[in-house]
Amino acid sequence: DVQLQASGGGLVQAGGSLRLSCAASGFTVDDYTLGWFRQAPGKGREGVSCISNSDGTTYYADSAKGRFIISRDNAKNTVYLRMNSLNAEDTAVYYCAATPASIATSPRHYKYWGQGTLVTVSS
């Protein structure tokens, strides 16, 4: 019943932009911190960005600062990740997640997870 569905991934050229979306169903995201994580082949899952469930406080990993923008639309039960100036190191499966806690950056704190969407950046 509870689902997070990530979409928007695909193949993009280096230097290009892409917007990922994650639509929640089965629960209301208003009281949840929403986050984006990614996992490259042979690598662990790492936090990319998250946005709090209270005042909209955002967090960005160093690799994302200045390039990525996270936003949420509670009316649409959706979180977005706008990715700009993409490079090959951004190639990964991107996962959205939700936690009832305040802003959290570690995967272990998140309760619900999406299936992931693949982003491939060509050189």
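Because the structure is predicted, anything quoted here is derived from the model rather than measured.
Hydrophobic clustering (ILVMFWY, side-chain heavy atoms < 4.5 Å, transitive): Ile69 and Val48 are in one cluster. Hydrophobic clustering (side-chain heavy atoms under 4.5 Å, transitive across Ile, Leu, Val, Met, Phe, Trp, Tyr) groups Phe37 together with Leu118.
Contact record, Tyr32 with Ala98: CD2-CB, 4.0 Å, taken as the closest heavy-atom pair. For the residue pair Arg72 and Ile51, the shortest heavy atom distance occurs at NH1-O, 3.5 Å. Leu4 approaches Gln115 most closely through the heavy-atom pair O-OE1, 3.4 Å. Across every non-hydrogen atom of Gly9 and Thr117, the tightest pair is N-OG1, 3.1 Å.
Proximity of Ser21 to Ser7: side-chain heavy atoms (C-beta onward) are separated by under 4.5 Å at one or more points. The shortest side-chain heavy-atom distance between Val12 and Thr120 does not fall under the 4.5 Å cut-off. Between Tyr60 and Ile70, the closest side-chain pair of non-hydrogen atoms falls below 4.5 Å. When side chains are defined from C-beta on, Tyr94 does not count as touching Gln39, because their heavy atoms never get closer than 4.5 Å. Looking at heavy atoms from C-beta onward, Val29 lies out of side-chain contact with Val79 at the 4.5 angstrom threshold. Contact of the Arg38 side chain with the Ser63 side chain is registered, since non-hydrogen atoms from C-beta on lie closer than 4.5 Å. Side-chain contact check for Tyr80 versus Arg19: some heavy-atom pair is nearer than 4.5 Å.
For the side-chain contact (heavy atoms from CB on, under 4.5 Å) test with Val119, the passing option among Val93, Leu20, Leu11 is Leu20; the others fail.
If you take CH2 on Trp36 and SG on Cys96, they are separated by 4.5 Å, rounding to the nearest 0.5 Å. Distance CG/Leu86 to CZ/Phe68: 5.5 Å, rounded to 0.5 Å. Here Cys50 contributes atom SG and Leu34 contributes atom CG; the two are 9.0 Å apart, rounded to the nearest 0.5 Å. In this structure, CG in Asp73 is found 6.5 Å from OG1 in Thr78, a value given to the nearest 0.5 Å. In this structure, Asp31 CG and Thr28 OG1 are separated by 8.5 Å, a value rounded to the nearest 0.5 Å. Of the inter-residue distances, the one linking Ser122 atom OG with Gln13 atom CD reads 5.0 Å to the nearest 0.5 angstrom.
Residue Gln5 qualifies as open at atom CD: its count of foreign heavy atoms under 6.0 Å is 12 or below.
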Which is it for Arg82 and Leu18 under the side chain to side chain contact (heavy atoms under 4.5 Å, CB included) test, yes or no, and what are the steps along the way?
CA-CA 6 Å; Arg82 169 65 70 179; Leu18 204 62; 5.9 Å; no

The test is side chain to side chain contact (heavy atoms under 4.5 Å, CB included); show your working for Ser49 and Leu81 and say whether it passes.
CA-CA 8 Å; Ser49 181; Leu81 184 68; 4.2 Å; yes

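Listed by chain and number, the residues in a side chain to side chain donor-acceptor pair (under 3.5 Å) with Asn84 are Ser17 (sequence neighbours excluded).
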Please report, to 0.1 Å, the donor-acceptor pairs under 3.5 Å made by any side chain of residues 103-114, with sequence neighbours excluded.
from, atom 1, to, atom 2, distance (Å)
Ser106, OG, Arg108, NH1, 2.9
Tyr110, OH, Ala104, O, 2.5
Trp113, NE1, Tyr110, O, 3.4

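In this structure, Arg45 satisfies the cation-pi test against Tyr95, with its NZ or CZ atom closer than 6.0 Å to the six-membered ring centre and inside 45 degrees of the ring normal.
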